[in-house]
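The block underneath contains the structure these notes are about, expressed in structure tokens.
All residue numbers refer to positions in the sequence shown, counting from 1. The shown structure was predicted, so the numbers you read here are calculated from the model rather than taken from an experiment.
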Amino acid sequence: MPCRRIEEKTNGPRVPWPERPGALPVCAGSAGPARARRGCAACGRARGPSPSAQSEAESIDILRRGTSGVLAVQGDGGYPYAVPLSYMYAERRLYFHCATSGHKLDALARDARASFCVIDRDEVLPERFTTAYRSVIVFGRARILNDAGEKRRAIELLAEKYAPEYMTEGRREIERAFSRFHIFGLTIEHMSGKQAREFLNA
């Protein structure tokens, strides 16, 4: 059951988090106040094991083979803003190519915190009234890559992933248009992966 609220664990009255500065975030979940667990996948905090949870190594494999996902940020007026993007995973960081301006960059300039979801499998099994699913959500902070070396490496990683047979042409294009490339990275602080029992028991 997803958490109902994030609260501060104190000896006194339970106060919603983050309304009180310095609050220790814990996830109420379905365990009740006496057994509150540290967060959940919905809020980016680690929590107790789930029957459908997958290992971090399996989640990283999904990130490596995936080609697109959905980035979620706090958009205009406080509304969530989610946008599908291509990406590259390397060393606990995701890289994205983007325009030089726009909704998501404005959002990240206000609040660098973001999540990114990749769906690896989504197969409806009507005869069993269920779905064979496998996905991962990562949580972290994003920043524009301004260092030329870091930016170049990220662009090359993206080219190697999506056009490995055209790297010679790709490097020429990188040199020609380098100043116009805009790249941001998301450093992963936490990840949460889930998969159907069909995969867990395979």
Side-chain angles (χ1 to χ4, degrees), residues 18 41-46 54-123 133-195:
C43 54
R45 306 287 182 175
Q54 62 197 13
S55 70
E56 181 171 296
E58 290 172 313
S59 294
I60 289 174
D61 284 342
I62 290 175
L63 294 175
R64 284 179 173 148
R65 64 176 173 260
T67 58
S68 67
V70 177
L71 179 77
V73 297
Q74 182 172 307
D76 294 346
Y79 283 94
Y81 177 67
V83 57
L85 294 172
S86 299
Y87 72 97
M88 171 65 195
Y89 170 85
E91 299 176 350
R92 297 192 68 81
R93 187 172 294 173
L94 299 175
Y95 296 104
F96 307 87
H97 174 250
C98 63
T100 56
S101 63
H103 193 162
K104 64 179 173 292
L105 292 183
D106 290 344
L108 290 171
R110 290 190 299 266
D111 189 338
R113 292 172 297 180
S115 68
F116 189 70
C117 174
V118 175
I119 297 175
D120 183 60
R121 181 81 175 272
D122 180 18
E123 180 184 347
Y133 63 87
R134 187 163 50 208
S135 63
V136 60
I137 305 175
V138 304
F139 301 82
R141 297 172 190 268
R143 65 180 179 85
I144 297 297
L145 304 188
N146 292 314
D147 177 79
E150 187 179 21
K151 174 181 170 181
R152 184 182 300 277
R153 178 56 182 155
I155 298 171
E156 290 178 348
L157 286 172
L158 284 162
E160 288 171 2
K161 178 171 183 174
Y162 292 98
E165 66 275 26
Y166 297 104
M167 283 307 298
T168 299
E169 296 87 343
R171 289 191 177 93
R172 284 201 296 264
E173 180 64 16
I174 291 171
E175 291 299 325
R176 186 186 68 81
F178 184 75
S179 63
R180 299 200 301 273
F181 280 106
H182 211 54
I183 304 291
F184 72 93
L186 177 69
T187 300
I188 298 173
E189 298 174 353
H190 169 72
M191 69 176 68
S192 174
K194 294 181 70 176
Q195 56 184 311

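- Once rounded to the nearest 0.5 Å, the distance linking CG of L108 with CD of Q74 reads 11.0 Å.
- Put simply, the side chain of Y95 reaches to within 4.5 Å of the side chain of L145, judged on heavy atoms.
- Electrostatic pairing of D120 and R64 does not count as a salt bridge here, judged by no charged N lying under 4.0 Å from a carboxylate O.
- Separation of atoms CD (E123) and CZ (R134) is listed at 10.5 Å; rounding is to 0.5 Å.
- Counting all heavy atoms, side chain and backbone alike, A90 lies closest to L157 at CB-CD1, 4.0 Å.
- Both tests pass for K151 against the ring of F178: distance under 6.0 Å to the centre and angle within 45° of the axis.
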**Message:** Applying side-chain contact (heavy atoms from CB on, under 4.5 Å) to I188 and Y89, what does each step give before you reach the verdict?
**Reply:** CA-CA 10 Å; I188 298 173; Y89 170 85; 3.8 Å; yes
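- The CZ atom of R153 sits 10.5 Å away from the CG atom of L158 when rounded to the nearest 0.5 Å.
- Heavy-atom neighbours of I119 CD1 from other residues, nucleotides or ligands within 6.0 Å: at or below the threshold of 12.
- Salt bridge present: E173 and R176 bring a charged side-chain N and a carboxylate O closer than 4.0 Å.
- Nearest heavy atom pair, residue L71 against residue A114, reads CD1-CB, 4.0 Å.
- Across I183 and A154, no two heavy atoms sit closer than the pair CG2-CB, 3.9 Å.
- One finds the CD atom of Q195 at 8.0 Å from the OG atom of S59 (value rounded to the nearest 0.5 Å).
- A donor-acceptor pair shorter than 3.5 Å can be found between the side chains of R93 and T187.
- A donor-acceptor pair under 3.5 Å is formed between the side chain of Y162 and the backbone N or O of Y87.
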**Request:** Report the C-alpha separation of M191 and R92 in whole Å, then their side-chain angles, then the decisive distance to 0.1 Å, and conclude whether the side-chain contact (heavy atoms from CB on, under 4.5 Å) test is met.
**Result:** CA-CA 10 Å; M191 69 176 68; R92 297 192 68 81; 3.9 Å; yes
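- Nearest approach of R180 to T100, heavy atoms of both residues: O-CG2, 4.5 Å.
- Residues V73 and H103 are not in side-chain contact: their nearest non-hydrogen atoms beyond the backbone lie 4.5 Å or more apart.
- To the nearest 0.5 Å, atom CD of residue E189 and atom CZ of residue R141 are 5.0 Å apart.
- The minimum heavy-atom distance linking A99 with L105 is given by the pair O-CD1, 3.2 Å.
- Summarising the geometry, atom CD1 belonging to I137 is positioned 11.0 Å from atom CD1 belonging to I62; distances are rounded to the nearest 0.5 Å.
- When atom types are taken as modelled, the side chain of E56 and the backbone of G193 share no donor-acceptor pair closer than 3.5 angstrom.
- The shortest distance between side-chain heavy atoms of F184 and K104 falls below 4.5 Å.
- For P164 against E160, the heavy-atom pair with the smallest separation is CB-O, 3.3 Å.
- Between H97 and I155 there is no side-chain heavy-atom pair separated by less than 4.5 Å.
- A salt bridge links E175 with R152; the closest basic N to acidic carboxylate O contact falls under 4.0 Å.
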